[in-house]
2 protein chains.
Amino acid sequence: MIPPGLLPEGFRDRLPPQADASARLVRRVLDTAALHGYERVSPPLAEFEAGLVGRLKSAKAQDLLRVVDPLSQRTLALRPDITAQVGRIAATRMAHHPRPVRLSYAGPVLKLKASQLRPERELMQVGAELIGLDSVAAASEIVMVAIEALERAGVAGITLDFTLPDLVDTLAGGPLPMDPAQTEAVKTLLDAKDAGGLAAKDALAFLPLVEAAGPFETALARLRAFDMGGALTSRLDALEQIAAPLKGRVTLTLDPTERHGFEYQSWFGFSLFAAGVSGEIGRGGSYAIAHEDGREEPAIGFSLYCDPLVDAGIGARERRRLFIPFGTDPAISAKIRADGWVTVAALTASDSAEAQICSHVLRDGVAVPV
Amino acid sequence: MIPPGLLPEGFRDRLPPQADASARLVRRVLDTAALHGYERVSPPLAEFEAGLVGRLKSAKAQDLLRVVDPLSQRTLALRPDITAQVGRIAATRMAHHPRPVRLSYAGPVLKLKASQLRPERELMQVGAELIGLDSVAAASEIVMVAIEALERAGVAGITLDFTLPDLVDTLAGGPLPMDPAQTEAVKTLLDAKDAGGLAAKDALAFLPLVEAAGPFETALARLRAFDMGGALTSRLDALEQIAAPLKGRVTLTLDPTERHGFEYQSWFGFSLFAAGVSGEIGRGGSYAIAHEDGREEPAIGFSLYCDPLVDAGIGARERRRLFIPFGTDPAISAKIRADGWVTVAALTASDSAEAQICSHVLRDGVAVPV
């Protein structure tokens, strides 16, 4: 029925050297976060569906792969995102830990359906969250850690696209008052960059926001010109501060009304792209974590997805492998490994450096290129 | 209904510093295997149930957590073991790769039920497989890599318990002939070390095998005395060769009829234990991989389970964190990180080294213990 070796749609094996490349990317990101004081948490792959759904934000309940658990007589769900789990930890087991608390994570996430952009249903997610603050200083740190992590992972040509997720709400609550229904309609029209729709909704006042999208400096200048009432000044100043140390290091853009996937974020959001990699490679922003007492705690973080990077060949490394001829004293191989060599021992007299895909072979105690 | 923060039975969060300790253990094992030429593969978390069940050996179909997949209209199963997946890869996508091929892996595995010894249903499995050979040289390499990996991970007081999984079959096919039904009965009695049962089954000839269990040298001498027909000589010679370089490095024992979990293994098996850690921490042995053309390919490997090690406090590391006072020039922190320090930046004037659980604080450009 099912041919041996066939995997379900959206699932795949990573073979050498891609599996090594993926692991290396994850390590570089976690190591970078660790250097900035982020400590690892490892939430489980499955949780009670009801509990997980309550904390999901960008992922929806209908996106979940469900597990029948005869043990608990309940439905479990496989996590589609780790951020929600980190929020749960921050709000429960680590609720009494001093703030801000810096946490990092890495692991597979599972989705019911693939998207058009990403055929995978299992993805490797890695990221860091700063919980207890969502200030400009917090945003600067998170953006810096994300960029530094990507650079250490060998990602070049990075583009950082800023957005202001609560921009329309801020304007609607101040200089451009609207009722909630119209606010939602305007958000959708802005997301679609639909000028005609804005006109039909009598909301042409928002049109400059569409035109403000583009290279960071230009877009920011346009928003400053638009910001006559001063309702956006603090946000624009914040973006300028966050962007300042990144100029010349990454390409900066600003799409103030970009909304897809940022629905749950508060004042600040960003997407990451890289030259030669299709689609977004990561995103982040500020958000709120719900505590049991009803309190909402500010937080900010980023998530990276390693699979598009691996597929683009990032993280690959030259295979340096030293073939150890049959019968060589194991003490010699051990000494060579201590020098950092990967050794591949012949276990039969007929084995060869070629069969073992080795770059070098040991001859008279010396590594000789094949 | 379900209190927030409650996880399903057998699932748990790893918090700092245990999550870091677990990740460190996994890295050390994979890095050790990599130095010996083992390259990483990453099979998916879920497969078609039918395909996965066909390759499972020690894990059983009834142990699987199943996922309803509306997309494929089929039942998927979450992997309870990665070895079976590595076997699938070796038999399909890597079937034409030259042999032997060395592969390593690490990732979570999921079980329907916890066992009495292990309450967890999600475990971190890490290991290495050598495919294409199950010779004494292959067994020696696999055992050495496992021991070296544990040592590098900081595991002390290692005990290696050898077993001979096909011992009874070998004897039944030679000096102590039996029909298959009696062979199975004898195996079960030996597993239970049931001398009375062996007598009742007219199988007292096997009793010396029970008495041979114990410290390696003594047990081996007893088996050599028992091995009058010479049917076991090559196996006993093999064990002696594998054990030789490990003497004085780890505690060696031999339980020739130990069978639990070794049902699918061929001539060679071993279990690993560590001082201060309850239960087995890993196991390995020789087995056969089924190819699509009906061919069976020899293989040998080991798997380690990191959770009991983390629970026993192994992999923990002193927390060296340098608090960077509010307003410090980011270039100074970057320079200190380049020296290998973990820095924790104050993002508000009120933050403190104590709140951030820092061991050191930066004063006048120098790290001072708190």
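Sequence lines set the chain letters: A, B, ... in the order given, protein chains first and strands last, and positions in each chain run from 1.
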**Item:** Region of B/A34 that comes under 4.5 Å of a non-hydrogen atom in chain A
**Value:** backbone
**Request:** Using non-hydrogen atoms and a 4.5 Å limit, figure out which bit of B/R66 sits close to chain A: side chain, backbone, both or neither.
**Result:** backbone
**Request:** Would you mind reporting whether A/L6 and B/F48 have side-chain heavy atoms less than 4.5 Å apart?
**Result:** yes
**Message:** Please classify the contact between B/S104 and chain A as side chain, backbone, both or neither, with a heavy-atom cut-off of under 4.5 Å.
**Reply:** neither
**Prompt:** Are the side chains of B/L71 and A/L112 in touch, meaning some heavy atoms are under 4.5 Å apart?
**Reply:** no
**Contacting moiety of B/L110, where chain A heavy atoms sit under 4.5 Å** = side chain
**Request:** Given salt bridge (charged side-chain N to carboxylate O under 4.0 Å, His left out), test A/E9 with B/R74 step by step and report yes or no.
**Result:** CA-CA 11 Å; A/E9 191 182 331; B/R74 290 184 185 273; over 6 Å; no
**Prompt:** Under a 4.5 Å heavy-atom cut-off, does chain A meet the side chain of B/Q356, its backbone, both or neither?
**Reply:** side chain
**Item:** Contacting moiety of B/I324, where chain A heavy atoms sit under 4.5 Å
**Value:** neither
**Asked** chain A heavy atoms under 4.5 Å from B/E292: which part of the residue, side chain, backbone, both or neither?
**Response** side chain
**Segment of B/R27 engaging chain A (4.5 angstrom heavy-atom cut-off)** = both
**Request:** Scan for ring-ring contact (aromatic ring centres under 6.0 Å, His included) pairs involving residues 338-357 of chain A, sequence neighbours excluded, and state none if there are none.
**Result:** A/W341-A/H360
**Asked** Can you say whether B/M124 sits under 4.5 Å from chain A via the side chain, the backbone, both, or neither, judging by heavy atoms?
**Response** neither
**Request:** Under 4.5 Å heavy-atom distance to chain A, tell me which part of B/E148 shows up: side chain, backbone, both or neither.
**Result:** side chain
**Complete:** Honestly, the part of B/S42 sitting under 4.5 Å from a heavy atom of chain A is both
**Item:** Residue part contacting chain A, namely of B/L76, when any heavy atom lies under 4.5 Å
**Value:** side chain
**Prompt:** Between B/T343 and chain A, which part of the residue has a heavy atom less than 4.5 Å away: side chain, backbone, both or neither?
**Reply:** both
**Request:** Given salt bridge (charged side-chain N to carboxylate O under 4.0 Å, His left out), test A/K113 with B/D69 step by step and report yes or no.
**Result:** CA-CA 9 Å; A/K113 290 179 194 156; B/D69 183 19; over 6 Å; no
**Message:** For a 4.5 angstrom cut-off between non-hydrogen side-chain atoms, does B/R88 reach A/D13?
**Reply:** yes
**Request:** Would you mind checking which part of B/L78 comes under 4.5 Å of any heavy atom in chain A, side chain (CB onward), backbone (N, CA, C, O), both or neither?
**Result:** side chain
